[in-house]
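In what follows, a single structure is set out as structure tokens and then discussed.
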Protein chains: 2
Amino acid sequence: MPRKPNYDRDDLIARARDLFWRRGWAGTSLKDLESELKMKPGSFYAAFGSKDALFELALQKYASDGAARLNALAEEFGPLSALQRLPEMVIDNDQAPARACMLSKTLLELQSHAHPLAKKADEKLQLMEAQFAQLFMRAQEIGDVAQDRDPKSLARKYQSDLLGLRVSAERDGVDAKSIAADIAEGLARL
Amino acid sequence: MPRKPNYDRDDLIARARDLFWRRGWAGTSLKDLESELKMKPGSFYAAFGSKDALFELALQKYASDGAARLNALAEEFGPLSALQRLPEMVIDNDQAPARACMLSKTLLELQSHAHPLAKKADEKLQLMEAQFAQLFMRAQEIGDVAQDRDPKSLARKYQSDLLGLRVSAERDGVDAKSIAADIAEGLARL
DNA sequence: GGCTTTATTGAGTGATCACTCAAGTATATA
DNA sequence: TATATACTTGAGTGATCACTCAATAAAGCC
């Protein structure tokens, strides 16, 4: 009986994610979204409810796609090698809307307003850190990382390094590749 | 002949800096500023010209005060020790409006809009990096850093580490002190 | 083809945005 | 004290914000 929507919901979320990722939360207006998604206000609100609700869907997609990509990398190259390859990958992707991490951008923008989306971003950063820890643990099990290292500490520092790299890569004239290489090299000495 | 303003301009800039630092550019409205600075719109615009102009003054103060603090630290403890102490200092300051660096917050928020303030923030990050390089060089001269190290590379990586630390420190439940300790420890092995 | 159900349209909502300006007030010099 | 020169006040500007809703169009089921 009902009429079907004439759009691909997941594709809309991906496009919204790219817009939010690049421009941030306050920097992305509904006009921007309507223009990018080719939706009138009525359709937009029928489909997503609010700007914040769509932002949350975008965050979720960002996080789960990222986690899947890292898992695939670990599957192909092994845990430590995946962690070594990741830094250069994240700053080398020319299709990405920004070098910086969408989660950290969201956290920095909205944390001070106690905005629920800041908490969501924080939670996803925590999940990401747990994934790193898992990979360090597996690397340790197969002897790629010394036994006296703590996977959780390594994950915490690794994520911090990655966030710093991705902020630096947002700047002009910074040789981010050599920072990425430094991070990868550090992992080789574990 | 003229009437003198009944405020301390430098104090106003410091208060504005704290507001901008915590809430960001879009997150700080004129109403917020008027309330914090206790100025009516007319006085505000007579004194500063625009929100952007005041933000630039705030950025300038943030950068120059930070540079002066690091120089004082190096004067007291020597260059390498100053660089080792800095990470814990920046995340341990309870009076600061935020853990994250105001320059990186500004860069991440405004870069995608090609906003002039993003460029200003980038320039000040570059100056900061140059100051780090200078300190690494002096540390090298007095034998605290091995001769085969490149001060500029060290500075680039050190700044990236600091930026990552300060993003991580913005999160809930992250043991930022141990990240800071990792950074300081890394400098001891140069 | 009728009917029900949902998607789409787009003008319009009040609120807030950065900012203006004419009027009033205070102060230092003459 | 008179005057010139600011500084201060606060209502008001048009623009843009996220969002609403009544009207219309389209699709699946009988």
Side-chain angles (χ1 to χ4, degrees), chain A residues 1-13 15-59 105-106 109-110 112-118 120, chain B residues 1-13 15-59 105-106 109-110 112-118 120:
Chain A
M1 314 134 171
R3 179 180 172 188
K4 277 194 296 189
N6 62 0
Y7 51 72
D8 175 351
R9 185 176 171 86
D10 200 62
D11 177 59
L12 289 185
I13 293 173
R15 292 227 296 280
R17 175 206 56 202
D18 286 359
L19 214 51
F20 282 132
W21 185 358
R22 181 164 356 105
R23 297 189 202 271
W25 180 82
T28 307
S29 72
L30 248 100
K31 269 200 173 171
D32 294 333
L33 287 165
E34 288 161 22
S35 157
E36 173 68 28
L37 306 185
K38 290 173 179 59
M39 292 178 97
K40 311 293 170 191
S43 289
F44 179 91
Y45 282 90
F48 300 116
S50 70
K51 176 184 172 182
D52 281 5
L54 177 56
F55 195 104
E56 187 175 344
L57 291 171
L59 264 191
K105 286 184 77 168
T106 302
E109 182 181 3
L110 301 177
S112 68
H113 296 72
H115 195 297
L117 287 169
K120 295 275 175 192
Chain B
M1 315 131 167
R3 180 180 171 187
K4 274 195 295 187
N6 62 0
Y7 52 73
D8 174 352
R9 183 176 173 85
D10 199 63
D11 177 60
L12 290 185
I13 293 173
R15 291 227 297 279
R17 175 206 58 203
D18 286 359
L19 215 50
F20 282 131
W21 184 358
R22 184 174 32 223
R23 297 190 200 272
W25 181 82
T28 307
S29 72
L30 254 296
K31 268 200 172 171
D32 294 333
L33 288 164
E34 287 161 23
S35 157
E36 173 68 28
L37 306 185
K38 290 173 178 60
M39 293 177 96
K40 310 293 170 192
S43 288
F44 179 92
Y45 282 91
F48 300 115
S50 71
K51 178 183 172 182
D52 281 6
L54 177 55
F55 195 103
E56 186 174 343
L57 291 172
L59 263 191
K105 287 185 76 168
T106 302
E109 181 181 4
L110 301 178
S112 67
H113 296 72
H115 195 297
L117 287 169
K120 295 275 175 191

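What you see is a predicted model, and the numbers here were worked out from it, not measured in a lab. Worth knowing before you read on, the calculation uses all heavy atoms, side chains too, and leaves out hydrogens, waters and symmetry mates. Labels below follow one simple rule: chain letters A, B, ... track the order of the sequence lines, proteins then strands, and each chain is numbered from 1.
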Between protein and nucleotides 13-22 of chain D, what N or O pairs are separated by less than 3.5 Å?
from   : atom 1 : to      : atom 2 : distance (Å)
D/dA18 : OP1    : A/Thr28 : O      : 3.4
D/dA18 : OP1    : A/Lys51 : NZ     : 2.9
D/dA18 : OP2    : A/Leu30 : N      : 2.8
D/dC19 : OP2    : A/Tyr45 : OH     : 3.0
D/dC19 : OP2    : A/Lys51 : N      : 3.1
D/dC19 : O5'    : A/Tyr45 : OH     : 3.2

Inter- and intrachain pairs under salt bridge (Lys or Arg N to Asp or Glu O under 4.0 Å), touching residues 29-38 of chain A, at least two apart: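 Applying salt bridge (Lys or Arg N to Asp or Glu O under 4.0 Å) to every pair that reaches into residues 29-38 of chain A, excluding sequence neighbours, yields A/Arg15-A/Glu36.
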Taking salt bridge (Lys or Arg N to Asp or Glu O under 4.0 Å) as the definition, give me every residue that meets it alongside B/Asp10, ordered by chain and number, with sequence neighbours left out.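 Once residues adjacent in sequence are excluded, the partners of B/Asp10 under the salt bridge (Lys or Arg N to Asp or Glu O under 4.0 Å) criterion are B/Lys61.
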Could you pull out all residues at least two apart from [X] that satisfy side-chain contact (heavy atoms from CB on, under 4.5 Å)?
X       : result
B/Ala53 : B/Ser50
B/Ala46 : none
B/Lys51 : B/Phe20, B/Trp25, B/Leu30, B/Leu33

Report which part of the nucleic acid A/Phe48 touches: base, sugar-phosphate, or nothing (heavy-atom distance under 4.0 Å, all strands). nothing
Take atom NZ of B/Lys40 and atom C1' of C/dA23, then tell me their distance rounded to the nearest Å. 16 Å
Roughly, in whole Å, what's the span from OH in B/Tyr7 to P in D/dA6? 13 Å
